[in-house]
Amino acid sequence: MKVFKFGGASVSSVEKIKNIGEIIKNYPHEQLVIIISAIGKTTNALEKVAEAFFEERKEDALQLFEQIKNSHLNTLKYLCTLNWQKAENQLKDFFTEIEWLLYDKPVRNYDYYYDQIVCCGELLSTAIISNYLNEINIRNQWIDVRDLLQTDNNFRDAAINWTVSSNKITNATHQLFIHSNLIITQGFIGATADNESTTLGREGSDYSAAIFANILSAENLIIWKDVEGVMNADPKQFPSAQYISELSYKEVIEMAYYGAQVIHPKTIKPLQNAKIPLHVKCFLNPGSPGTIISNKLVHNLPPIIVVKDNQVLLQLNSKDFSFMEEESVGKLYQLFYNG
Ligand code: ASP
Ligand code: MG
């Protein structure tokens with residue numbers, strides 16, 4: 001069993017969604033759990049809806065949401081004929097859920113509403129893609145990840161309840177794989193024990209995929225991206241940047257932690273803990289080898305460059321000549337931590 005993750009850029013057009021079908025056809029006998037992000041920049045657009053709603057600009061919120069509805073309905077039209085009505089009904093159920101909320105007045109905090117609104121992007125994209133794949137006879141089961149991935153109620157940066165989520169994911173996938181080899185679900189979102197939607201932090205779909213891979217002891221996780229693999233620097237800033245075919249978890253976690261736009265920083269831990277290799281591959285060129293990330297230490301790597309803008313250098317010293325030792329440094333870190 002493998003876990004695949006397709007990000008927003010890999011599903012940002014009708015052509016790219018069709019390409020997902022082509023990629024899946026290369027794995028005819030595998031059980032696959034496919035985690036998908038919202039289409040293109042939908043999450044950014046939904047953030048604008050949440051802001052307008054919270055600032056009580058109801059008309060703006062509804063109008064912005066209308067644009068999101070239309071673009072998804074439009075995409076669906078190009079992808080489904082036989083399943084079109086069923087798929088449209090599914091999308092409309094999600095639309096209604098959000099619109100009910102938009103007609104209300106905010107009485108809770110912003111982060112709560114953000115998650116209730118923004119979670120819709122992944123529900124829409126997966127519904128469209130699942131119906132499209134069924135339409136072209138790639139049989140699959142769609143599931144609402146909010147029924148599987150339980151989190152706390154720290155909205156916008158929710159933490160996973162691993163025990164509950166493990167049970168739910170294991171049982172559900174077991175049942176769904178009876179019907180077909182393919183399960184389609186959403187990245188980035190989850191739900192509390194009270195069924196309130198939550199999100200795991202921006203770009204969190206990589207992390208969702210790693211959680212599934214860990215819980216299901218997947219053979220590997222493949223993250224499909226619009227680049228050929230991981231590079232040693234951002235090619236926009238360093239034209240001589242080169243692809244790296246193999247990396248260790250340790251190297252990647254450092255790159256992600258220091259801000260390289262490789263994968264979401266939380267992704268590596270669940271994979272490393274279960275020794276599941278991560279494969280970064282290009283959805284535009286599935287035959288190319290990509291980058292494999294695993295426990296194996298890799299030597300002779302090129303220098304890895306991460307540029308961080310807007311840094312501040314703090315220089316601290318004591319006024320009375322007392323030493324800067326553990327206690328005072330500890331206090332400073334506590335102050336930074338408290339923000
Ligand atoms: N759709 C979400 C975002 O844009 C999650 C993701 O793409 O990983 O942040
Ligand atoms: Mg994304």
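Count residues from 1 along the sequence. Counting starts at 1 for both ligands and their atoms, following the listed order. Basis for what follows: all heavy atoms, side chains included, without hydrogens, waters or symmetry-related copies.
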Within a distance under 4.0 Å of any heavy atom of [X], pick out the atoms of ligand 1 and give their elements.
| X | answer |
| --- | --- |
| R202 | 3 (C), 4 (O), 9 (O) |
| F188 | 2 (C), 5 (C) |
| T43 | 1 (N), 2 (C), 3 (C), 4 (O) |

Expected output: side-chain S328 to main-chain M324 donor-acceptor under 3.5 Å: no
Member of I68, L91, L124, I128 meeting the side-chain contact (heavy atoms from CB on, under 4.5 Å) criterion with L73: L91
G7 touching ligand 1 at heavy-atom level, < 4.0 angstrom: no
Part of S37 with heavy atoms under 4.0 Å of ligand 1, whether side chain, backbone, both or neither: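 S37 to ligand 1: side-chain contact only, backbone stays beyond 4.0 Å.
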Residue portion contacting ligand 1 (non-hydrogen atoms closer than 4.0 Å) for E122: side chain
Test log, rule side chain to side chain contact (heavy atoms under 4.5 Å, CB included), inputs I253 and Y249: CA-CA 6 Å; I253 209 161; Y249 297 127; 5.9 Å; no
Aromatic ring proximity, centroids under 6.0 angstrom, F53 and F65: no
Note, E66 side chain near F95 side chain (heavy atom, < 4.5 Å):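 No, too far: nothing below the 4.5 Å cut-off.
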